[in-house]
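This chain uses plain numbering: 1 for the first residue, then up along the sequence. Fair warning: this is a prediction, and the values are worked out from it, not measured in the lab. Because only heavy atoms are used, hydrogens play no part in the values below, and waters and symmetry mates are left out as well, while side chains stay in.
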Amino acid sequence: MKHSKTGLFLMELIIGILFFSLASAICIEIFVKAHLMNNESVQKSHAVKIASNIVEIYKNDEFNSYFKKDKKKIYFNENGEEVSLKEATYTALIQETKQKMIVTIICHNKTIYTLEYQHYQQRKF
C-alpha cells in the first residue's frame, strides 16, 4: 500500500513541477517582449525629438548656420547631440526640395521615424 501512495505523490510532484516550469517560461517570454518593446519605444521617442528639432531649426532659417557639416546626413547620440560617425547612434537623412523637407531617422540600419515638413512660400503680387 505504501508503494502506490508514494508513486502517486511523485506523479503529482512531477506534474506540479512541469506546470510551474511552463508558467515560468511563459512569464519570461512576456518579460523579454516587454523589454524589447520598451527599447523600441525609447528609440522612437529619441528619433521624434531629433527629427522635430531639425525641422524647428530649419523653420527658423538657422539650418545652414547650425549644421556646418554635411547637410544630407547628420549623426546624433542618445542625448540628441550632434556627434561624429563613430560615436553616432542615430543618423538623420535629410532630403530637401523647394517646398518640402523629409527627415528620416535611422538607428542600427533600421528606419525608425520619418517626418515630412511642407512649407509654402508667400506669393508676392
Side-chain angles (χ1 to χ4, degrees):
M1 287 286 223
K2 285 187 177 182
H3 182 63
S4 65
K5 287 183 181 180
T6 306
L8 184 63
F9 174 73
L10 287 174
M11 188 65 85
E12 288 176 5
L13 188 64
I14 290 171
I15 290 172
I17 290 172
L18 286 174
F19 174 76
F20 285 113
S21 63
L22 180 66
S24 64
I26 292 171
C27 288
I28 289 172
E29 183 180 345
I30 290 171
F31 283 126
V32 168
K33 284 184 181 179
H35 180 71
L36 293 174
M37 287 175 64
N38 181 46
N39 286 347
E40 286 180 16
S41 174
V42 167
Q43 285 180 349
K44 192 160 196 164
S45 175
H46 286 276
V48 168
K49 287 179 190 177
I50 291 169
S52 61
N53 284 343
I54 290 171
V55 169
E56 288 299 322
I57 290 168
Y58 180 77
K59 283 165 65 174
N60 291 328
D61 291 330
E62 297 174 6
F63 187 76
N64 293 330
S65 62
Y66 193 83
F67 298 110
K68 295 174 179 66
K69 297 177 185 173
D70 183 16
K71 291 186 256 180
K72 302 295 179 194
K73 279 187 181 179
I74 305 171
Y75 303 103
F76 295 93
N77 62 9
E78 291 95 10
N79 300 327
E81 301 167 345
E82 187 179 0
V83 294
S84 66
L85 173 62
K86 293 179 183 178
E87 303 168 345
T89 305
Y90 301 98
T91 303
L93 299 177
I94 300 168
Q95 299 170 349
E96 265 186 281
T97 60
K98 191 170 183 177
Q99 292 185 341
K100 187 190 255 186
M101 178 183 205
I102 300 172
V103 180
T104 304
I105 306 297
I106 299 171
C107 180
H108 304 296
N109 296 326
K110 181 181 175 187
T111 300
I112 296 178
Y113 184 70
T114 300
L115 180 63
E116 190 173 310
Y117 170 68
Q118 286 197 320
H119 54 95
Y120 300 98
Q121 295 179 347
Q122 190 174 19
R123 285 184 143 186
K124 295 180 182 178
F125 296 104

So CD1 of Ile17 and CG of Leu22: to nearest 0.5 Å the spacing works out to 13.5 Å
The side chain to side chain contact (heavy atoms under 4.5 Å, CB included) partners of Glu12 (sequence neighbours excluded) come to Leu8
Hydrophobic cluster membership, Ile106 vs Val83, 4.5 Å side-chain cutoff
no
Note: with side-chain heavy atoms under 4.5 Å as the link, the other cluster members for Leu10 come out as none
Across all chains, not counting sequence neighbours, the salt bridge (Lys or Arg N to Asp or Glu O under 4.0 Å) partners of Glu87 are none
If you group Ile, Leu, Val, Met, Phe, Trp and Tyr by side-chain heavy-atom gaps below 4.5 Å, do Ile50 and Leu115 land in one group?
yes
Residues Cys107 and Ile112: closest non-hydrogen pair is CB-CD1, 3.0 Å
Q) Are any side-chain N or O atoms of Asn79 and backbone N or O atoms of Glu81, one a donor and one an acceptor, separated by less than 3.5 Å? A) no
Q) Does the side chain of Gln118 reach to within under 4.5 Å of the side chain of Gln99, using non-hydrogen atoms? A) no
Smallest heavy-atom separation, Ser84 atom then Tyr75 atom, equals O-CB, 4.0 Å
By salt bridge (Lys or Arg N to Asp or Glu O under 4.0 Å), Lys49 pairs with (sequence neighbours left out) none
Residues Tyr90 and Glu78: closest non-hydrogen pair is CE1-CA, 4.0 Å
Take Phe76 and His46, measure what side chain to side chain contact (heavy atoms under 4.5 Å, CB included) needs, and give me the verdict at the end.
CA-CA 10 Å; Phe76 295 93; His46 286 276; over 6 Å; no
Can you tell if the side chain of Lys73 reaches within under 4.5 Å of the side chain of Leu93, non-hydrogen atoms only?
yes
Ring pair (Phe, Tyr, Trp, His ring centres under 6.0 Å) filter on Tyr58, not counting sequence neighbours, yields Phe63, His119
Output for pair (Thr89 OG1, Ile105 CD1), nearest 0.5 Å, gives 12.0 Å
Here the gap from Thr104 atom OG1 to Glu116 atom CD, rounded to the nearest 0.5 Å, amounts to 9.5 Å
In residues 29-45, what donor-acceptor pairs under 3.5 Å come from side-chain atoms, sequence neighbours left out?
residue	atom	partner	partner atom	Å
His35	NE2	Asn39	ND2	3.4

Hydrophobic clusters here meaning ILVMFWY residues chained together by side-chain heavy-atom distances under 4.5 Å, can you tell me if Val48 and Ile102 are in one? no
